[in-house]
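Below you'll find the structure, written out as structure tokens, and then a few comments.
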Amino acid sequence: MRSELCNHPAFTTRAETLSYEERVRLVYQRLDALLEIYNETEYALDDVETLSPKFWEPYKDPALVIDVGCANVLACHLNLFLGTILPMKSERPDLLPIMQQILEGEVIGNFLLTELGHGLDITRLETTATKVTDGYILHTPHGGAAKFMPPTTPHPTRAKISVVFARLLVDGEDRGVHPFLVPTSDEHGMCLGISATILPPRSGTSPLDYSLTSFDHVRLPPAAFLGSALDAPADRHALLLRYIWRTTVGQASLSLIAITGTKIAACLGVEYSLRRMVQGKQHVPTPVMGFRTQQLPMVYCTAVAHVLDAWAPRVIEQFVRTDIDVEVRGGLAAVLKTTVCRFATHYYREVGERLGVQGTFGHNIVSQIEMDMRGFIIAEGDIRVLSIRLFSQMLQGRVALPMPSHGDSVLAQHSAGLLVRCQRLLAGLELGHRDPRFNDLILPQCEPGILALGCAYAYGAAVDAGVPQPLLDLFELAAMKWDPSWYSENTSLSDEVRLLREDRAVLAALPHIRAYVDALGVRDSISAPILSDEAWQNWTRQLRSYVGGATRDKISLTGVPTDDSKARL
């Protein structure tokens with residue numbers, strides 16, 4: 001069933017026919033449409049604060065795959081900005097009006113954390129907020145300390161406001177990094193002392209006014225301070241992690257968008273493969289889906305979409321439980337993001353290549369969401385960094401994540417096997433995790449270890465959810481492709497055995513492939529022209545055309561230049 005948001009005029013507008021600037025304006029019109037529709041369902045501040053089921057609904061909407069720029073604004077606006085200040089509503093009732101304005105979209109919120117020169121190394125931030133008698137002075141000391149990426153350029157009809165992370169200086173003493181509330185622009189332009197330098201478009205992605213934002217001795221009132229205290233914290237890093245805990249929520253919410261993207265890629269790939277005909281040797285039209293090279297990416301993408309979709313609700317259910325340790329909740333989000341991003345980017349590319357040249361165009365979605373996913377891999381925590389931190393903690397026994405259901409599966413055995421192997425390696429290091437060899441031997445194993453755990457989690461959840469057996473078998477085989485040597489060395493599943501199992505799984509899935517794709521529930525929300533002949537015809541009518549009618553007196557079909565052309569030569 002087509003989502004209500006996909007029916008909104010802001011989302012039925014063909015973005016690819018617009019200029020870059022028009023497309024950026026369209027992003028904010030789409031944000032307005034999203035907030036309008038979801039606010040009609042009584043979407044409330046409590047939903048954002050408590051992470052109720054309503055909070056997650058927008059991130060499942062297929063419309064956000066069509067425009068990931070809108071998804072990025074939403075993530076900054078509701079989750080990062082509003083989610084960061086909401087816990088202060090009891091002690092800071094003065095913030096309630098801005099909270100309500102953000103919820104209703106009257107003001108746009110941003111989250112300014114990372115800096116150009118430091119990236120994910122957020123403990124080294126250099127933006128300063130110096131305490132003075134009447135408040136604070138916010139300053140960017142050099143270009144490398146500019147805030148990188150958040151879209152802070154002025155909006156033509158409303159203000160933008162940001163949570164800005166800066167190093168608090170009191171009487172010359174560094175008191176750690178804290179958040180500050182900073183209006184950055186309104187409909188008339190940037191606020192005094194604040195500059196936003198718009199970055200060029202990211203190649204192939206949904207457009208947005210990503211910016212470099214700097215502050216030149218900007219005066220802030222005392223109420224701008226959103227930190228816990230002006231005193232130097234006992235554990236600066238732990239306090240900073242508490243301030244930015246909503247980035248963990250972002251890891252889970254952005255994963256939902258990526259899963260929906262995988263559903264759309266599967267639907268587009270299967271429909272195209274069944275519709276696209278080639279002439280066989282007997283001059284009989286044959287769908288390209290008849291070739292195994294076409295079948296494999298389509299059935300695998302479909303299986304991955306079903307399995308990840310069955311797993312995500314279980315992660316969200318665990319993630320929002322307050323009786324589970326915060327480190328465990330964060331670990332589950334990191335496993336979800338790592339696994340989803342790796343599978344999604346792989347199968348976006350695989351399906352996109354089998355769509356022929358049409359798969360390279362952004363209006364057919366697949367190539368665009370593949371490029372957008374590269375941003376997801378880094379946003380809200382780079383998956384390699386997340387994996388290194390989590391897997392290292394698991395090896396040291398500092399974090400224990402839940403065991404996968406169906407722990408006797410070969411994927412669960414693989415996950416456990418990688419953990420044991422790395423524990424042996426760690427035990428052999430003289431200085432443990434501080435040994436220089438930890439960098440050489442353990443760090444490269446961290447992401448594969450987390451990915452293996454995610455595969456085991458996803459498979460177990462899909463079994464419990466009743467995902468059809470051919471799709472379970474295909475997902476299991478897809479997971480084995482990440483580390484085929486382990487299965488050859490540690491199980492009876494040699495390359496030849498896996499090849500034959502793949503053949504049986506594909507043959508079992510193919511008769512039901514259209515039903516499997518229909519069950520994903522995204523077909524009616526897809527506006528890509530490659531989906532059908534009718535969609536293609538409707539789309540081409542909106543394109544600019546050049547029609548014949550000009551005289552050709554400057555061109556000679558005999559190859560002999562006309563008099564006028566001789567003169568030009």
Side-chain angles (χ1 to χ4, degrees), residues 56 58-62 64-65 68 71-72 75 79 247-267 297 300-320 329-352 365-366 368-387 390-391 401-402 404 411 415 446-462 465 467 471-472 474-476 478-479 481-483 520 522:
W56 303 98
Y59 297 98
K60 302 174 187 176
D61 200 305
L64 291 188
V65 177
V68 172
N72 288 336
N79 178 48
T247 60
T248 305
V249 179
Q251 293 164 22
S253 61
L254 294 181
S255 297
L256 299 181
I257 298 172
I259 292 171
T260 305
T262 309
K263 295 179 183 181
I264 290 175
C267 184
Y300 271 124
C301 189
T302 303
V304 165
H306 273 276
V307 170
L308 295 182
D309 192 46
W311 175 38
R314 178 172 293 188
V315 179
I316 300 301
E317 179 185 343
Q318 294 172 304
F319 181 79
V320 300
R329 294 163 69 189
L332 292 171
V335 175
L336 176 68
K337 180 183 177 183
T338 300
T339 308
V340 168
C341 283
R342 282 298 173 225
F343 271 103
T345 51
H346 179 76
Y347 285 104
Y348 292 159
R349 183 172 63 253
E350 288 284 302
V351 171
I365 303 178
V366 179
Q368 181 173 293
I369 57 176
E370 179 189 346
M371 296 304 295
D372 283 321
M373 189 55 53
R374 293 180 62 183
F376 277 8
I377 286 172
I378 300 166
E380 321 286 32
D382 186 300
I383 62 174
R384 282 194 177 88
V385 176
L386 293 173
S387 296
L390 176 58
F391 200 67
L401 296 185
L411 299 186
S415 174
C446 291
E447 187 184 322
I450 295 303
L451 178 58
L453 179 58
C455 291
Y457 277 150
Y459 180 84
V467 170
L471 300 180
L472 290 172
L474 285 164
F475 179 82
E476 187 177 62
K481 291 176 185 287
W482 294 114
D483 192 4
L520 294 172
V522 296

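Throughout, numbering of the chain's residues begins at 1 and tracks the sequence.
Contacts classified as salt bridge (Lys or Arg N to Asp or Glu O under 4.0 Å) and involving residues 449-458 (residues at least two apart or in different chains) are not found.
Nearest approach of L390 to G331, heavy atoms of both residues: CD2-O, 3.5 Å. Minimum heavy-atom separation, W311 to V335: CH2-O, 3.8 Å. When all heavy atoms of A333 and F319 are compared, the closest pair comes out as CB-CE1, 3.8 Å. Taking each heavy atom of N79 and G250 in turn, the nearest pair found is ND2-N, 3.4 Å. Heavy atoms only, all atoms of each residue included: C341 and M373 are closest at SG-SD, 3.9 Å. Nearest approach of L254 to F376, heavy atoms of both residues: O-CE2, 3.7 Å.
Put simply, the side chain of R374 does not reach to within 4.5 Å of the side chain of I378, judged on heavy atoms. No side-chain heavy atom of P448 sits less than 4.5 Å from a side-chain heavy atom of D483. For the pair V315/S255, no side-chain contact is recorded, criterion being any heavy-atom separation below 4.5 Å from C-beta on. The side-chain heavy atoms of V366 and E370, taken from C-beta on, include no pair separated by under 4.5 Å. Side-chain contact check for T345 versus I377: some heavy-atom pair is nearer than 4.5 Å. V351 is not listed as a side-chain neighbour of Y300, based on a closest heavy-atom distance of 4.5 Å or more. Under the 4.5 Å side-chain criterion, counting only non-hydrogen atoms from C-beta, R329 is not in contact with T248. The shortest side-chain heavy-atom distance between S415 and L411 does not fall under the 4.5 Å cut-off.
Listed by chain and number, the residues in a side chain to side chain contact (heavy atoms under 4.5 Å, CB included) with R314 are Q318, S405, A461, D464 (sequence neighbours excluded). Residues satisfying the side chain to side chain contact (heavy atoms under 4.5 Å, CB included) criterion with A252, sequence neighbours excluded, are W56, I316, L336.
For K337 (side chain) and G381 (main-chain N/O), a donor-acceptor pair under 3.5 Å exists by modelled atom type. Looking at Y59, its side chain never comes within 3.5 Å of a backbone N or O of L64 through a donor-acceptor pair.
To the nearest 0.5 Å, atoms SG (C455) and NZ (K481) are separated by 13.0 Å. The structure places CG of L520 at 6.5 Å from OG1 of T302, a figure rounded to the nearest 0.5 Å. For the atom pair CG (N72) and CD (E380), the distance works out to 8.5 Å, reported to the nearest 0.5 Å. The line from CG of D61 to OG1 of T260 is 8.0 Å long, rounded to the nearest 0.5 Å. The distance from atom CG of L308 to atom OH of Y347, rounded to the nearest 0.5 Å, is 10.5 Å. Atom-to-atom distance recorded for I264:CD1 and I259:CD1 is 12.5 Å, nearest 0.5 angstrom.
The ring of F475 has its center closer than 6.0 angstrom to the ring center of F343.
The pair R342-E447 meets the salt-bridge criterion, with a side-chain N (NZ, NE, NH1 or NH2) lying under 4.0 Å from an Asp/Glu carboxylate O.
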